[in-house]
Structures are given as C-alpha cells and as structure tokens.
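Note that the structure is a prediction, hence the values are computed from the model and not measured.
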Amino acid sequence: MNVWAIFAIAVGVLMIGQWVYYLLNGKATELRTEPVELGFHLLSELVTAFTLIIGGIVLLMGLRWGLAIYLLGIGALLYSVTNSAGYFAQRKQWPMVGLFAVLFILGVMAVLRVFALAA
C-alpha cells in the first residue's frame, strides 16, 4: 500500500508544480481568454492535488479513515486526467494525451490494489 500512497503524494505534488510552472511562465494562455473557466479548473485541480497528498499521507500513517480520503483523491484524479486528455487531444498534443492515459491506468491500478490490501 505504501507504493500507492507515495504515488498519490507524488502526483499531487507534481500537479501543483505543473500549475506553478504554467502560471509563472505564461503557459496558461486561457488566463487571458477564459479567466473564469480556468479559475474554476485550477481550483478543481488544486483540490484534487491536496486531496491526493493528504490521502497518501494519512494512508501511510495507517489511519483507517485515510482510505476514504485516498479514494476520493484518486477518483478526482481519474476525472481530471480524462478531462485533461481531452483538452490536449483537441490541440493534437499526443505526448500529453499519452501521459494522462498512463496516469489513468495507474489510478485504476491504485484503486484496485488499495482495495485488495484493505480487504
């Protein structure tokens, strides 16, 4: 279970890092063209990231309620990577689509493995 807890923490940290990079380097062009939509999207991404981080930490601590937080975070991640894959597919940025597909598969594996270990 530790591997999947660390996976959640790492993905959460990387999500935050990605957005910091995009915002500081002007890569989030929708900030100028669609600021409200991007604001809500960014909020949902940050909630996902922090839920993954907290869920992973609490799972590592072995607290029973950590499983619920962890699964909530992974569920949000599965939605997020599906949504993000569509965004990048529309722009024909296939390496990013591939990255999100890998994250989706790993997220499903995490849910299945954590459920199996918790049973």
Side-chain angles (χ1 to χ4, degrees):
M1 197 168 329
N2 288 352
V3 169
W4 296 110
I6 293 167
F7 165 75
I9 295 166
V11 171
V13 169
L14 289 170
M15 286 176 76
I16 294 168
Q18 172 204 346
W19 278 108
V20 168
Y21 171 79
Y22 279 177
L23 292 170
L24 292 179
N25 290 293
K27 303 246 185 224
T29 55
E30 292 84 1
L31 195 57
R32 292 183 296 279
T33 60
E34 302 167 274
V36 174
E37 183 178 348
L38 182 65
F40 276 96
H41 181 74
L42 182 55
L43 176 63
S44 71
E45 293 266 325
L46 291 175
V47 168
T48 299
F50 284 113
T51 305
L52 286 167
I53 293 167
I54 293 166
I57 289 169
V58 176
L59 203 60
L60 283 174
M61 294 171 63
L63 300 173
R64 291 187 54 79
W65 58 271
L67 180 61
I69 302 298
Y70 178 84
L71 292 174
L72 178 66
I74 294 293
L77 174 66
L78 293 175
Y79 170 79
S80 180
V81 297
T82 302
N83 185 49
S84 295
Y87 173 87
F88 286 101
Q90 184 69 40
R91 286 156 182 74
K92 297 184 181 3
Q93 295 179 0
W94 304 118
M96 291 299 289
V97 174
L99 170 68
F100 291 122
V102 168
L103 284 171
F104 184 89
I105 291 166
L106 289 172
V108 170
M109 289 172 58
V111 168
L112 296 174
R113 189 66 181 145
V114 168
F115 263 134
L117 292 172

Could you pull out all donor-acceptor pairs under 3.5 Å where a side-chain atom in residues 65-79 meets a protein atom, sequence neighbours excluded?
residue, atom, partner, partner atom, Å
Tyr70, OH, Trp4, O, 3.0

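- Judged as a side chain to side chain donor-acceptor pair (under 3.5 Å), not a single pair has a partner in residues 95-106 (not counting sequence neighbours).
- Using a 4.5 Å heavy-atom cutoff, the side chains of Phe7 and Leu52 are not in contact.
- Taking Ile, Leu, Val, Met, Phe, Trp and Tyr as hydrophobic and joining them when side-chain heavy atoms fall under 4.5 Å apart, one finds Phe40 in a cluster with Val36.
- Sequence neighbours left out, not one pair with a member in residues 58-74 passes salt bridge (Lys or Arg N to Asp or Glu O under 4.0 Å).
- Under a hydrophobic-cluster definition in which Ile, Leu, Val, Met, Phe, Trp and Tyr are linked whenever side-chain heavy atoms come within less than 4.5 Å, directly or via other members, Leu14 and Ile9 are assigned to different clusters.
- Applying the salt bridge (Lys or Arg N to Asp or Glu O under 4.0 Å) test to residues at least two apart or on different chains, none of the pairs has a partner in residues 36-60.
- Taking all atoms of both residues into account, the shortest heavy-atom contact from Gly56 to Ala8 is CA-CB, 4.4 Å.
- Hydrophobic cluster membership of Leu43, counting Ile, Leu, Val, Met, Phe, Trp and Tyr whose side-chain heavy atoms lie under 4.5 Å apart directly or via other members: Val47.
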Let me have the donor-acceptor pairs involving side chains of residues 88-105, under 3.5 Å, with sequence neighbours excluded, atom names and distances please.
residue, atom, partner, partner atom, Å
Arg91, NE, Tyr87, OH, 3.4
Arg91, NH1, Tyr87, O, 3.1

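- Within the 4.5 Å cutoff, no side-chain heavy atoms of Arg113 are placed close to those of Val3.
- How far CG of Leu42 is from CG of Leu23: 6.0 Å, rounded to the nearest 0.5 Å.
- Remark: Thr48 pairs with no residue by the side chain to side chain donor-acceptor pair (under 3.5 Å) rule, at least two apart or across chains.
- Heavy-atom minimum distance, Ala49 versus Gly12: CB-O, 3.4 Å.
- Scanning for side chain to side chain contact (heavy atoms under 4.5 Å, CB included) contacts around Asn2 gives Leu60, with sequence neighbours left out.
- For Leu38, the side chain to side chain contact (heavy atoms under 4.5 Å, CB included) criterion is met by Trp19, Ala28, Glu30, Leu31, not counting sequence neighbours.
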